[in-house]
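In what follows, a single structure is set out as structure tokens and then discussed.
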Protein chains: 2
Amino acid sequence: MPTPRRAALPPRLASAEPGQGVTLADVALAAKVSLATASRVFSHPQLVREATAQRVHEAARRLSFRPNLLGAKLRAQRTRIVGVMLPTLDNAVFAECWRGIEESAMAAGYSLMLVTSNYEPARERERVEYLLRHRVDGMVLTVADASNSTVLDQLDRESVPYVLAYNQVSRDAAGHGRHSVSVDNQTSACEGVNALIAAGHRRIAVISGAFTASDRARQRFAGYADAMRDHGLPIREPVNLPSHTASNAPQIQALMAQPDAPTAFFCTNDLLAIGVISDLKRLGLRVPRDVSVLGYDGIALGALVEPPLATVVQPNADIGTQAITQLLHRLDVGSAGADGNATLLPHALRIEGTVSAPAVPA
Amino acid sequence: MPTPRRAALPPRLASAEPGQGVTLADVALAAKVSLATASRVFSHPQLVREATAQRVHEAARRLSFRPNLLGAKLRAQRTRIVGVMLPTLDNAVFAECWRGIEESAMAAGYSLMLVTSNYEPARERERVEYLLRHRVDGMVLTVADASNSTVLDQLDRESVPYVLAYNQVSRDAAGHGRHSVSVDNQTSACEGVNALIAAGHRRIAVISGAFTASDRARQRFAGYADAMRDHGLPIREPVNLPSHTASNAPQIQALMAQPDAPTAFFCTNDLLAIGVISDLKRLGLRVPRDVSVLGYDGIALGALVEPPLATVVQPNADIGTQAITQLLHRLDVGSAGADGNATLLPHALRIEGTVSAPAVPA
DNA sequence: TTGAAAGCGCTAACAC
DNA sequence: GTGTTAGCGCTTTCAA
């Protein structure tokens, strides 16, 4: 029979589970110190004498004391919880990013609360409100469109610290104070398309996710346009595909049936690229022999398929790590007033596998 | 200048942000009701007169009141937070599962806290302790090995409600009271391999993740063994690959160089299968013409590649949905004593694409 | 270095 | 229906 704690505790379930119901007060009592001292042992060890701390630790161990973070958070008016909002985990880009975030946050003693927005602004608002109710100290998020986002406006208004991941805020936005961590979408996309051009392609089409759902897609298309313009090549209208997972053979087929069918595709993300490659294969076309395909993202999976996916690589885990690190730094140091800075992480080009010279040099 | 709230609030930062610092007491004051009534308006609306409720809502709106969940949770001794521990999000299986979990939990008014264990028992223990400190009401988790898991033992000991996802607890474990939601790994794997055999294959090899890191892998191998034994075919030692992402061409090559090289591979997960297919292609082998490959998981990506990945499909989002639903039901109804029940969800076979008859009928 | 005491924001008896 | 009151578990002045 477990030692009965406390004389009588009517509304509390008399649990036999260790840790359950054992409070800091119990520990203090057992260690014959005050509640305050017991608390200090855990939050400000340097303020308490070594011997005393030992006694408290010992008592805590004996009672299987497990701190109730709720009490601490409520009182401290700081939750040490960071809210994370990502569009979806179904795209490996964000799953990889999460890994970076989780690792760094845990190491820094912060907790996380993850929500996904599914690229929908309405859901973004709902989820952000949810995070706010949990009194997260700050947020790391990727929004559909950073340049026109009601959630970001709200966060700014309420001065909730946050760092954007993947969304690249324009440098000249003049003091909106938005922090972001991303690659340079436009420049990197431009370089990718340049590589396509260097390989001999002149008829290059863009397959993209919905522009409204992703400012990245827009920026990457702009990079494509830059490259084409720089080389005096015709800029084609992008093909906006709604979803990653559906087969879009019809659209691709229509494109390939035209007399000036593209010899290369630039897809604004890797998942799209993988789908396009399959669609091309189903049309009897070989990649890269008949058509080249360039993706964007650098998800691990791309290196796993054969031929490996040519792509513009962004450091996904790093983006997460950097974003959370910057946020935690701001939270800890409290440089809330610091002006927004857009961190640009280096990207890389992986031009191989699904990209080669066009069959018939244009 | 914003209307100053409260006479003086020394330690509190006089913030101009809406919602920040506005408490239920402020709302009660503004609505000229007691704190208790204000609280009831939100938690037990049926206990308060309509007109009063209106006044409170109005005041809340005017003051931009945002409930502080921390206070509620601390007092209520129920957090309405569920901890979720998954091995990794890098495998789409779990990312898809998360979607199901998030959707259902949000709809039911529960919050989530996600952690990943990376298949490491040590990290499982650490992360579970972390969740426990947050006083989650229960957990949905996938552990490396459910039949030998210190975290599960701990959870049982502390009678923390939980439901396993993917881990399939043996039915005859006699009252350990473990709840789980999964497909029948062994049976489904057996069926998959049977399909391979039906297609004409007799030399079938298994490529698997580390058995120690996944009880599912072991169960699926057992299913393979069943099928082979049933047909009087030789059971081969499994090839255990450490990671999903690395190329394992050497091992595959060695296998294929043998005189009795397999004509088909059964991979215990889809990611592995995709890697194996690439490795085979790099060896100059065509899939499925020269070698067939069967995966396991049914991740969306598998249908996206060409040829589509033949696989044993499990309902990933459903596994998440069911697991969380069962847990929430237990939390709400409180049938804590109910004996563990292993829910088996239906699987499906997708035999096409990467599986065909062997080139040289054995 | 330690203790006493006052809450953080909210809910839930218990009265009226 | 509504108000009064007593905390949930913890941190943190302020004194000693």
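Both backbone and side-chain heavy atoms feed into the values below; hydrogens, waters and symmetry mates do not. Reminder, nothing fancy here: chain letters follow the sequence lines and each chain counts from 1.
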Report, one pair per line, the protein and nucleotides 5-7 of chain C atoms (nitrogen or oxygen only) whose separation is under 3.5 Å.
| unit_1 | atom_1 | unit_2 | atom_2 | d |
| --- | --- | --- | --- | --- |
| C/dG7 | N2 | A/Arg75 | NH1 | 3.4 |
| C/dG7 | N3 | A/Arg75 | NH1 | 3.4 |

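- Applying the ring pair (Phe, Tyr, Trp, His ring centres under 6.0 Å) rule to B/Phe42 yields the partners B/His57, B/Phe65; only residues at least two apart in sequence or on another chain are considered.
- Under the salt bridge (Lys or Arg N to Asp or Glu O under 4.0 Å) criterion, A/Arg99 pairs with B/Asp90, sequence neighbours left out.
- Candidate nucleotides C/dT1, D/dG9, C/dG3 were compared by shortest atom distance to the side chain of B/Gln77, and D/dG9 ranks first.
- Taking the side chain to side chain contact (heavy atoms under 4.5 Å, CB included) definition, one finds that B/Ala108 meets it with B/Tyr110, B/Leu328, sequence neighbours left out.
- Among the atoms of the strands shown, base atoms are found under 4.0 Å from some heavy atom of A/Leu74.
- Each salt bridge (Lys or Arg N to Asp or Glu O under 4.0 Å) pair with one or both residues in residues 35-58 of chain A, not counting sequence neighbours, appears once here: A/Glu58-A/Arg61, A/Glu58-A/Arg62.
- At C/dG3, one or more side-chain N or O atoms of A/Ser34 fall inside 4.0 Å of OP1 or OP2 (strictly under the cut-off).
- Taking atom CZ on B/Arg133 and atom P on D/dC10, their separation rounds to 11 Å, with Å as the unit.
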Could you walk me through whether B/Val56 and B/Val33 pass the side chain to side chain contact (heavy atoms under 4.5 Å, CB included) test, one step at a time? CA-CA 8 Å; B/Val56 172; B/Val33 296; 3.9 Å; yes

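- B/Arg55 has its CZ atom 13 Å from the C1' atom of D/dG3, to the nearest Å.
- Protein atom CG of B/Leu24 is 17 Å distant from nucleotide atom P of D/dT5, rounded to whole Å.
- Residues satisfying the salt bridge (Lys or Arg N to Asp or Glu O under 4.0 Å) test with B/Glu129, not counting sequence neighbours, are A/Arg66, B/Arg133.
- Between B/Arg78 and B/Asp332 there is a salt bridge, since a side-chain N of the basic residue sits under 4.0 Å from a carboxylate O of the acidic one.
- Interface residues of residues 39-50 of chain B facing DNA chain D, ordered by number: B/Arg40, B/Leu47, B/Val48, B/Arg49; criterion, heavy-atom separation under 4.0 Å.
- Between A/Asn68 atom CG and D/dC10 atom P there is a gap of 6 Å when expressed in whole angstrom units.
- Sorted by first then second residue, the salt bridge (Lys or Arg N to Asp or Glu O under 4.0 Å) pairs that include residues 139-148 of chain B, not counting sequence neighbours, are B/Asp145-B/Arg218.
- Between A/Glu102 and B/Arg123 there is a salt bridge, since at least one side-chain N of the basic residue sits less than 4.0 Å from a carboxylate O of the acidic one.
- The distance between atom NZ of B/Lys32 and atom C1' of D/dG3, rounded to the nearest whole Å, is 16 Å.
- Residue pairs meeting the side chain to side chain donor-acceptor pair (under 3.5 Å) criterion with at least one partner in residues 29-39 of chain B, sequence neighbours excluded, are B/Ser34-B/Thr37.
- Put simply, A/Thr23 has no side-chain N or O that comes within less than 4.0 Å of OP1 or OP2 on D/dC8.
- Residue B/Leu63 contributes atom CG, which lies 15 Å from atom C1' of C/dG9 at whole-angstrom precision.
- Nearest-nucleotide positions on DNA chain C for B/Gly71 and B/Thr37 put B/Gly71 closer to the 5' end.
- An angle of 30°, rounded to 10°, separates the two end axes of the helix from C/dT1-D/dA16 to C/dC16-D/dG1, each defined over five pairs.
- A straight line from CG of A/Leu70 to C1' of C/dT11 spans 14 Å, rounded to a whole angstrom.
- Under the salt bridge (Lys or Arg N to Asp or Glu O under 4.0 Å) criterion, A/Glu96 pairs with no residue, sequence neighbours left out.
- When rounded to the nearest whole Å, the span between CZ of A/Arg66 and P of D/dC8 equals 19 Å.
- When the salt bridge (Lys or Arg N to Asp or Glu O under 4.0 Å) test is applied to B/Glu120, no partner is found at least two apart in sequence or on another chain.
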